[in-house]
Amino acid sequence: MNTEVRTRFAPSPTGFIHIGNLRTCLYAYLFAKKNAGTFILRIEDTDQERYVEGAVELIYSTLKKSGIEHDEGPDKDGGYGPYVQSERKPIYKEYAEKLVELGGAYYCFCTKERLESLTDENGVRTYDKHCLSLSAEEVSEKLAAGVPHVIRQNIPREGTSTYEDMIFGTINVDYAELEDNVLIKSDGMPTYNFANVVDDHLMKISHVMRGMEYLSSTPKYNLIYDTFGWERPRYIHLPPIMRDATHKLSKRFGDANFDDFIKKGFLSEAIVNYIALLGWCPKDNSEKMTLDELIQKFDTDGISRSGSIFDEVKMRWLNSQYVKEMSVDEYMSHARQYFDLSVAKNKYDYEKLTKILISRTEIFSDIPEKIAFLDEFGEYDLTLFENKKAKIDVNVAKTCIELALPVLQNVNVWTNENLYETLSTLAEANGLKKTQIFWAIRVAITARESTPGGATELADILGKEECLKRLKFSLNLFK
RNA sequence: GGCUCCAUGGUCAAGCGGUUAAGACAUCGCCCUUUCACGGCGGUAACGGGAGUUCAAUUCUCCCUGGAGUCACCA
């Protein structure tokens, strides 16, 4: 019995990595690392029609960004290659022929038309094992004549298959429910049904992790393992990630790709952390965890059996937790591209912007809207000055600004601290509440009801010249 | 439709015969406060339904209901 844990992530190069696939990948990785095992990347490109140029590179880059590192793969030979299925074509052929000899499969020469004629009134088509009765002579004759053919799996007509899934427990499926699926297509390429078994066995995969859509077809694969006399792997089927109660999160839904979230301004660590929690819960109920912590805490016991609805709101919250812990430099490295998009470029202090934004950023794409006041300033409605809690109305606001303008004109040390002192003193000297004057100035220099910082912080960032300009402009609005 | 699987608040979820049924997000209120955030405190909110088994069911069994998956020369 092979005791080494070897898991694999076997995506098809058909485009961006879907969040659901990434979670399967993550779990396979976590499980392998938790058990000091090996994590393998295998490319399942047996369907040349669905192949998308550049998709393999996307797989590599997604794994890299996620922090998931494979031990073996097309680019890292571990002695079990090739790791790309299209390069293993001869291997499948050899094993398929062997399976035919063992009676586990047979050649089928049925035409598409005949297959279609098998469709019943419900639109369900079940192959009738027509070619199973062909004699050895007939088969070799047709083969020699070059008649197009496939190789089908020979599934018993009756009986029940049983296996243990580590998440779902005992699964029983009657063979009658299963069909003689195609193992080798007419183009000579294997289907998933065959390739995954051959490869998992040859690559010594100990634990197969995959979506639970394979739960009821796994008996077919077990049958192949059994026929060859190979040891069956352990199965860990995973429940789906849902878009809502009744729809699976799908590629067609659009923004369910890892890269989409990265583009939206999510941190890869937060995405990984969040999806780890979708369908799995650590024993100690931790929420924010690094990849290493995830590895330490991962346990199949904590995997749930029901689907989980993807909640972007919670992922945003988790992202904000990561943002909050960033240093100013780290934050700036992510925020710079958004700052550069605004007038802030070459004009305002990024470090100061970072300091006010760091506790107000859930995802980085929130930034433009928050700093829009830097770019946009002009006509606004004076009712913005009204606020009952701050005990301020348009008249009070006007008074505040009139009082503050000359004082601010004389401020030489234009810093947050100094401005705060100056305006506080001014308020006190004139019997005004600090809140009133701060509110008035803040609105007057931003034209906004809420801003990512207080009056003096924003004044500091805008600079003396711009502030005075805006205050004068605002004062004019009262006339 | 057949088969397989699933079912705790709006969401993620803990629970694995006896609990005041955790926690997190969201939401609401209060505090802090230079608006908004952050932070702190508190509130609202759940075992789908029905039979059993048991001294005792959220927990075990069955049925119903609801939902998901699957039934390809796609994976």
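Residue numbers start from 1 in every chain, and the chains themselves are labelled A, B, ... in the order their sequence lines are given, proteins ahead of strands.
Aromatic ring orientation, A/Tyr331 versus A/Phe339: tilted (interplanar angle from 30° to 60°). Ring pair A/Tyr214/A/Tyr221 is tilted by interplanar angle, where 30° to 60° counts as tilted.
The CD atom of A/Glu177 sits 10 Å away from the P atom of B/rG2 (whole-angstrom rounding). In this structure, the NE2 atom of A/His237 is 16 Å from the P atom of B/rG69, given to the nearest Å. Note: OH (A/Tyr92) to C1' (B/rA75) measures 13 Å, nearest angstrom. Atom pair A/Gln153:CD and B/rC71:P shows a separation of 14 Å (rounding to whole Å applied). Per the geometry, CG belonging to A/Asn193 stands 13 Å off P belonging to B/rU70, to the nearest Å. For the pair A/Glu213 CD and B/rC71 P, the computed distance is 10 Å after rounding to whole Å. The separation between A/Arg210 atom CZ and B/rU4 atom P is 18 Å, rounded to whole Å. Atom CG in A/Leu118 sits about 11 Å away from atom P in B/rC73, given to the nearest Å.
Across all strands, A/Asn196 comes closer than 4.0 Å to no nucleic acid atom at all (heavy-atom distances). Within the nucleic acid shown, A/Asn416 comes within 4.0 Å of at least one base atom, counting heavy atoms only. Within the nucleic acid shown, A/Thr446 has no heavy atom closer than 4.0 Å to any nucleic acid atom. At the heavy-atom level, A/Thr451 lies under 4.0 Å from base atoms of the strands shown. Looking at heavy-atom distances under 4.0 Å, A/Val313 makes contact with sugar-phosphate atoms alone, never a base. A/Lys389 comes within contact range of at least one nucleobase, with a heavy-atom separation under 4.0 Å. Within 4.0 Å of A/Arg125, counting heavy atoms only, lie sugar-phosphate atoms of the nucleic acid but no base atom.
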**OP:** Going 5' to 3' through nucleotides 7-14 of chain B, assign each nucleotide B (protein heavy atom under 4.0 Å from a base atom), S (under 4.0 Å only from sugar-phosphate atoms) or - (no protein heavy atom that close).
**Re:** S---SBSS
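There is a side-chain donor-acceptor pair under 3.5 Å between A/His237 and A/Asp165. Counted by atom type alone, A/Asp460 and A/Thr415 present zero donor-acceptor pairs between their side chains at under 3.5 Å. Between the side chains of A/Tyr380 and A/Ser474, at least one donor-acceptor pair of N or O atoms lies under 3.5 Å. Side-chain contact, A/Asp45 with A/Ser86: a donor N or O sits under 3.5 Å from an acceptor N or O. With hydrogens and angles left out, the side-chain atoms of A/Tyr274 and A/Asp311 include no donor and acceptor closer than 3.5 Å. At a cut-off of 3.5 Å, with distance as the only test, no side-chain donor of A/Gln153 or A/Asn193 sits close to an acceptor on the other residue.
Sorted by first and then second residue, the side chain to side chain donor-acceptor pair (under 3.5 Å) pairs with a member in residues 178-189 of chain A read A/Gln48-A/Asp187, A/Tyr106-A/Asp180, A/Lys129-A/Asp180; sequence neighbours excluded. Applying the ring-ring contact (aromatic ring centres under 6.0 Å, His included) test to every pair with at least one member in residues 152-182 of chain A, sequence neighbours left out, gives these pairs: A/Tyr163-A/Tyr235.
Across B/rC60 and B/rG17, the matching P atoms stand 8 Å from one another, rounded to whole Å. Rounded to a whole angstrom, the distance from the P atom of B/rC25 to that of B/rG40 is 10 Å. One C1' atom belongs to B/rG48, the other to B/rU35, and the distance between them is 46 Å to the nearest Å. Nucleotides B/rG50 and B/rG66 are separated by 15 Å at their C1' atoms, to the nearest Å. A gap of 47 Å separates the P atoms of B/rA75 and B/rG39, to the nearest Å. One C1' atom belongs to B/rG23, the other to B/rC31, and the distance between them is 23 Å to the nearest Å. Comparing the P positions of B/rC12 and B/rA68 gives a spacing of 15 Å, expressed to the nearest Å. B/rU20 and B/rU70 have their C1' atoms separated by 44 Å, given to the nearest Å.
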Could I get a table of every N or O pair under 3.5 Å where one atom is in the protein and the other is in nucleotides 57-66 of chain B?
none

**OP:** Toss me the dot-bracket line for RNA chain B: Watson-Crick and G-U wobble, both under 3.5 Å, 5' to 3', using | for pairs to another strand and [ ] for crossers.
**Re:** ((((((((.[[[..)..(....]]].(((((.......)))))....[[[[[..)....]]]]])))))))....
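Legend: residues meeting ring pair (Phe, Tyr, Trp, His ring centres under 6.0 Å) with A/Phe373, ordered by chain and number and at least two apart, are absent. For A/Asp366, the salt bridge (charged side-chain N to carboxylate O under 4.0 Å, His left out) test picks out A/Arg316, with sequence neighbours left out. For A/Glu466, the side chain to side chain contact (heavy atoms under 4.5 Å, CB included) partners are A/Lys347, A/Tyr348, A/Leu462, A/Lys469, A/Arg470, not counting sequence neighbours. Partners of A/Ser327 by side chain to side chain contact (heavy atoms under 4.5 Å, CB included), not counting sequence neighbours, listed by chain and number: A/Asp329, A/Glu330. For the salt bridge (charged side-chain N to carboxylate O under 4.0 Å, His left out) test, residues two or more places apart in sequence or in another chain that qualify with A/Glu376 are A/Arg448.
Set against B/rA26, B/rC5, B/rA37, the side chain of A/Glu362 has B/rA26 as its closest nucleotide. The A/Thr456 side chain lies nearest to B/rU34 when the options are B/rU4, B/rU34, B/rC36. In this structure, of B/rC36, B/rC38, B/rU4, it is B/rC38 that holds the atom nearest to the side chain of A/Ser359. Closest to the side chain of A/Tyr192, from the set B/rC5, B/rA75, B/rU70, is B/rA75.
Between the side chain of A/Arg442 and the base of B/rU34, no donor-acceptor pair of N or O atoms lies under 3.5 Å.
Comment: A/Glu351 engages A/Lys355 in a salt bridge, judged by a side-chain N to carboxylate O separation of less than 4.0 angstrom. A salt bridge is absent between A/Lys370 and A/Glu362: the closest approach of a Lys/Arg side-chain nitrogen to an acidic carboxylate oxygen does not fall below 4.0 angstrom. Using a 4.0 Å cut-off between charged side-chain N and carboxylate O, A/Glu449 and A/Arg442 make no salt bridge. With respect to the salt-bridge test (charged N to carboxylate O, under 4.0 angstrom), the residues A/Glu287 and A/Lys314 qualify. Ion pair A/Glu44/A/Arg42 flagged as a salt bridge, since at least one NZ, NE, NH1 or NH2 atom sits closer than 4.0 Å to an Asp/Glu carboxylate oxygen.
Evaluation of A/Tyr420 against the base of B/rU34 yields a stacking contact (centre distance < 5.5 Å, interplanar angle < 30°). Ring-to-base geometry places A/Phe438 in a stacked arrangement with B/rU34 (centre distance under 5.5 Å, plane angle under 30°).
Applying a 4.0 Å cut-off to non-hydrogen atoms, the residues of residues 179-187 of chain A that approach RNA chain B are A/Glu179, A/Val182, A/Lys185, A/Ser186, listed by residue number. Residues from residues 392-405 of chain A placing a heavy atom under 4.0 Å of any atom in RNA chain B do not occur.
Applying the 4.0 Å criterion to OP1 and OP2 of B/rU35, one finds that A/Thr435 has every side-chain N and O outside that range. At B/rU33, none of the side-chain N or O atoms of A/Lys434 fall inside 4.0 Å of OP1 or OP2 (strictly under the cut-off).
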